[in-house]
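The structure appears below as structure tokens.
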Amino acid sequence: MADLVRTRFAPSPTGYLHIGGARTALFNYLLARRHGGRFVLRIEDTDQTRNIAGAEGKLLEDLRWLGLDWDEGPEVGGPFGPYYQSQRLERYEACARRLLEEGRAYYAFETREELDAMRKAAGGSGKGFRYPRPASFPSEADARRARDEGRPVVVRFKMPGCDFTVPDRILGEVTIGADELDDFVIVKSDGWPTYHFAVVVDDADMRITHVLRGQEHLMNTPNHIALQQALGLPTPIYAHLPIILNMDGSKMSKREKDKVVRGALRGAIDAGRIDEARALDVAGCDAETFAAWRKKKAQLPADALRRLARVLEIELPEIDIHDFRASGYLPEVVVNFIALLGWSAGDDREKYTLAELAAAFSLERIGKTNARFDRDKLLAFNTDGIAGAAPGRILAALRDYFAVHPDSPLAPLDDATLARLVELCAGVRTLRQLEQKCGAMFVDDEALRYDEAAVRKFLLKGEAAGVGVLRNMRDVLAKASDWSSGGLEQVIRGYAREHGLGLGKVAQPIRIAVTGTTVSPSIFETIALLGREKTLARIDRLLARLEPDAGGAQSAATA
RNA sequence: GCCCCCAUCGUCUAGGGGACUAGGACACCGGCUUUUCAAGCCGGCGACACGGGUUCGAAUCCCGUUGGGGGCGCCA
């Protein structure tokens with residue numbers, strides 16, 4: 001049992017689970033499962049200013065949605081808890097005390113402003129600053145006095161002054177020179193540990209054997225190893241994962257959403273489609289933040305971005321796991337896809353279930369190169385995933401989708417109807433696409449919105465030939481004796497043949513009348529499902545709008 | 001600026017000195033199918049960043065250049 005593999009995922013509760021975090025969690029999960037070990041979840045909530053209420057719940061929900069269940073951690077407990085760093089403060093205090101007593105750490109009293117000034121003075125650009133360690137360390141009395149004077153008191157770790165070599169299972173041995181290493185802070189002035197300190201203590205306490213984390217942590221690792229050596233703790237096996245980038249090569253981050261919305265808003269304002277004041281109103285934040293955001297100086301809250309995106313009629317790029325859920329991706333597809341970002345089994349296989357990944361995974365097959373996140377390929381995977389899933393699976397996935405979109409027009413439908421829609425929509429790429437394709441069938445007639453361009457193209461163009469067809473079809477359909485999809489197909493095809501028209505010339509006007517758009521399942525199936533009454537009512541409704549003499553509105557665009 | 005990491009089709013990758021006229025997937029292009037959007041089927045385009053070595057032989061090993069990424073916080 002001595003070599004039981006124990007891995008962990010240790011997020012801080014600042015929002016939804018990010019795609020990069022999800023990949024890190026997945027790899028840790030897979031390694032533990034592959035070796036019959038334990039996967040631990042720990043909440044790193046040591047930054048009181050960054051913790052966001054409700055974020056932890058979202059994080060756990062996202063992990064569960066992906067199917068990454070943890071053996072120890074929040075909600076499940078375990079022998080090495082508590083699994084919240086905020087509940088482990090005595091442990092860090094004890095370790096810090098020991099380091100202070102042994103002269104391996106010391107107090108420091110600079111304010112942030114003083115440190116900023118020192119950094120600026122250090123180098124031309126202020127980079128590469130190293131804290132000037134005092135010849136003799138301040139005493140407990142000095143620390144007390146500083147506190148009494150209202151100065152900040154932190155504890156810094158005395159780096160041993162030697163080079164450090166990080167043994168990394170992916171990158172090999174990476175040596176960082178002593179000159180690069182700084183006496184970093186281990187206890188903040190609020191008494192809480194920094195990440196570097198807490199992570200070392202906790203990983204040891206929780207018997208973590210393997211640490212898989214993003215490559216952005218590589219340069220921190222000497223600090224961690226030094227700390228482990230000073231505290232007499234073992235060094236776990238490290239594996240620094242390549243980073244996931246956007247298609248443009250920039251780091252994939254939540255800023256991407258800000259960027260997209262900011263660009264769209266500028267275009268809309270330039271085009272006169274929206275004005276500054278209205279945009280601010282939609283965003284619902286304070287004017288100062290909004291102004292800063294427009295100048296790329298700040299980020300907007302997620303819900304503000306969502307509201308703006310809706311008004312601007314743009315899709316937000318998916319960044320968080322929750323975004324993919326909301327866009328109608330299957331969790332097993334997301335897992336499959338991100339597993340292939342930086343890992344491959346070495347053959348041509350690309351499709352895996354979570355269990356299959358757990359069986360095939362190995363540290364040795366993780367690559368070194370950063371990967372760009374290709375949404376097109378994910379979409380293709382999702383299309384295959386939906387096409388290849390058992391009907392019951394898609395039904396369950398739809399129910400989950402409705403949990404995120406309770407207002408979906410499809411949400412109230414029974415399983416049998418939903419199953420029918422799934423059949424009719426074979427080939428859709430996402431659950432959202434299925435919703436968009438079928439939604440219009442299940443909204444009230446009054447709520448139908450007409451695609452203006454489609455109306456022009458298929459109804460009004462060429463001396464309103466489309467309107468004529470629609471008028472005729474209204475009568476034909478009213479008299480149809482068999483309102484099944486088969487019967488309707490006969491009637492409609494028959495009409496097209498008689499009048500020497502392609503089916504499209506007949507189907508599209510009907511489709512627009514009954515759905516408002518050019519997209520729906522087979523036209524026969526669509527109106528069969530809609531029923532005669534609604535179909536005729538919707539055709540009448542559109543005809544009334546398009547024929548002023550019938551007393552309809554001037555333009556379909558106002559609908 | 002300094003330090004670290006990386007480098008095969010547009011993208012994710014296979015490849016670990018001869019099996020490479022470099023394989024797969026997505027995207028793209030062309031065709032077929034077609035009542036819309038998708039899906040599907042067939043075919044095609046397309047890469048070893050560059051320059052030096054080592055070697056009988058290099059995509060594979062070494063060095064340099066260039067390019068990309070990361071780090072340089074009382075954030076994690």
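Convention: sequence-line order gives letters A, B, ...; per-chain numbering from 1.
Searching all strands for a Watson-Crick or G-U wobble partner of B:U66 with both distances below 3.5 Å returns B:A7. Nucleotide B:C61 is matched to B:G53 when pairs are restricted to Watson-Crick or G-U wobble geometry with both distances under 3.5 angstrom. B:C2: Watson-Crick or G-U partner is B:G71, with both key distances under 3.5 Å. Using the Watson-Crick or G-U wobble rule with both distances under 3.5 Å, B:G44 pairs with B:C28. With a cut-off of 3.5 Å on both Watson-Crick or G-U wobble distances, the partner of B:A39 is given as none. The partner of B:A22 cannot be assigned: no Watson-Crick or G-U wobble pair with both contacts below 3.5 Å exists in any strand. Using the Watson-Crick or G-U wobble rule with both distances under 3.5 Å, B:A14 pairs with nothing in any strand shown.
Between A:Arg213 and B:A76 there is no side-chain polar atom (N or O) within less than 4.0 angstrom of OP1 or OP2. Note on A:Lys368: every side-chain N or O is 4.0 Å or more away from OP1 and OP2 of B:G69. Between B:A76 and A:Lys188, a contact under 4.0 Å exists linking OP1 or OP2 to a side-chain N or O. Phosphate proximity of B:C74 to A:Arg119: present, with a side-chain N or O under 4.0 Å from OP1 or OP2. Contact annotation: A:Arg493 side-chain N/O to B:U35 OP1/OP2 distance is under 4.0 Å. For B:G40, neither phosphate oxygen OP1 nor OP2 lies less than 4.0 angstrom from any side-chain nitrogen or oxygen of A:Arg429. Contact between the side-chain N/O atoms of A:Ser344 and the OP1/OP2 oxygens of B:A14 is found at a separation under 4.0 Å. Checking the phosphate oxygens (OP1, OP2) of B:A76, no side-chain nitrogen or oxygen of A:Arg50 falls inside 4.0 Å. In terms of phosphate contacts, A:Arg375 brings no side-chain nitrogen or oxygen within less than 4.0 Å of OP1 or OP2 of B:A27.
You'll find that the side chain of A:Val519 is closest to B:U36, out of B:C5, B:U36, B:G70. When distances run from any side-chain atom of A:Thr369 to the nucleotides B:U36, B:C6, B:C74, the shortest one goes to B:C6. When distances are taken from the side chain of A:Ile523 to each of B:U13, B:A27, B:U35, the shortest belongs to B:U35. For A:Leu503, taking side-chain heavy atoms from C-beta onward, the closest of the listed nucleotides B:C74, B:U35, B:G69 is B:U35. Nearest to the side chain of A:Asn370, among B:G69, B:G23, B:C3, sits B:G69. Closest to the side chain of A:His196, out of B:U35, B:A76, B:C12, is B:A76. Of the candidate nucleotides B:U11, B:C5, B:C3, B:U11 has the atom nearest to the side chain of A:Asp374. Taking the side chain of A:Phe381 as heavy atoms from C-beta on, and the options B:A25, B:G10, B:U35, the nearest nucleotide is B:A25. The side chain of A:Leu218 sits closest to B:C4 out of B:C4, B:C6, B:A38.
Looking at which nucleotide of RNA chain B each of A:Asp182 and A:Leu378 is closest to, the 5′-most match is held by A:Leu378. Between A:Asp376 and A:Gly502, it is A:Asp376 whose nearest contact on RNA chain B lies nearer the 5' terminus.
The closest side-chain donor-acceptor pair between A:Ser520 and A:Thr526 falls under 3.5 angstrom.
Here A:His217 lies in heavy-atom contact (under 4.0 Å) with a base. Looking at heavy-atom distances under 4.0 Å, A:Gln436 makes no contact with the nucleic acid at all. A:Pro152 comes within contact range of at least one nucleobase, with a heavy-atom separation under 4.0 Å. Counting non-hydrogen atoms under 4.0 angstrom, A:Ser12 reaches the backbone sugars and phosphates but no base. As judged by a 4.0 angstrom heavy-atom cut-off over every strand, A:Pro242 is placed among residues making no nucleic acid contact. Within 4.0 Å of A:Ser522, counting heavy atoms only, lies at least one base atom of the nucleic acid. Contacts of A:Thr49 with the nucleic acid, taken as non-hydrogen atoms under 4.0 Å apart, are absent. Using a 4.0 Å heavy-atom distance criterion, A:Thr517 is classed as making no nucleic acid contact. A:Arg511 comes within 4.0 angstrom of a nucleotide base, judged by non-hydrogen atoms across all strands. At a threshold of 4.0 angstrom between heavy atoms, the contacts of A:Ala371 are confined to the sugar-phosphate backbone, with no base atom among them. Within the 4.0 angstrom heavy-atom criterion, only backbone atoms of the sugar-phosphate kind lie near A:Glu180; the bases stay farther away. Contact annotation for A:Val185: backbone-only contact, meaning every heavy-atom pair under 4.0 Å involves sugar-phosphate atoms and none involves a base. Counting non-hydrogen atoms under 4.0 angstrom, A:Phe524 reaches a base of the nucleic acid.
Distance A:Leu59 CG to B:A76 P: 15 Å, rounded to the nearest Å. B:C12 atom C1' lies 7 Å from atom CD of A:Glu350, rounded to whole Å. Rounding to whole angstrom units, CD of residue A:Glu489 and P of B:U34 are separated by 13 Å. Put simply, CD on A:Glu435 is 18 Å from P on B:A38, counting in whole angstrom units. Atom-to-atom, OH of A:Tyr238 to P of B:G70 comes out at 22 Å; the value is rounded to the nearest Å. Atoms CD1 (A:Ile243) and P (B:C12) sit 14 Å apart, rounded to a whole Å.
For the pair A:Lys377 and A:Phe337, the cation does not sit on the ring face, since its NZ or CZ is not both under 6.0 Å from the ring centre and inside 45° of the axis.
If you take CG on A:Leu100 and CZ on A:Phe157, they are separated by 11.0 Å, rounding to the nearest 0.5 Å.
Aromatic rings of A:Phe109 and A:Tyr131 (six-membered ring for Trp) have centroids beyond the 6.0 Å cut-off, not under it. Not less than 6.0 angstrom separates the ring centroid of A:Trp70 from the ring centroid of A:Tyr83.
Nucleotides B:U8 and B:U33, compared at atom P, are 41 Å apart to the nearest Å. Atom P of B:C29 sits at a distance of 13 Å from the matching atom of B:A38, rounded to the whole Å. Across B:A58 and B:C2, the matching C1' atoms stand 35 Å from one another, rounded to whole Å. The separation of B:U11 from B:A19, taken at their P atoms, amounts to 26 Å, rounded to a whole angstrom. Going from the P atom of B:G46 to that of B:G23 covers 12 Å, rounded to whole Å.
Two residues are said to be in side-chain contact when any heavy atoms from C-beta on lie closer than 4.5 Å; A:Pro236 and A:His210 fail this criterion. In this structure, A:Glu318 and A:Tyr329 have side chains that are in contact, with non-hydrogen atoms separated by less than 4.5 Å.
For the pair A:Lys188 (side chain) and A:Thr46 (backbone), a donor-acceptor distance under 3.5 Å is present.
Note on ring orientation: taking the six-membered ring where Trp is involved, the planes of A:Phe197 and A:Tyr92 are tilted (angle from 30° to 60°).
Donor-acceptor pairing under 3.5 Å, judged by distance alone, is present between the side chain of A:Asn220 and the base of B:A76. The base of B:C37 has none of its N or O atoms less than 3.5 Å from a complementary donor or acceptor on the side chain of A:Thr518. Checked by distance alone, A:Lys377 brings no side-chain donor or acceptor within 3.5 Å of a matching partner on the base of B:A27.
A 6.0 Å sphere centred on CZ of A:Arg532 holds more than 12 heavy atoms belonging to other residues, nucleotides or ligands.
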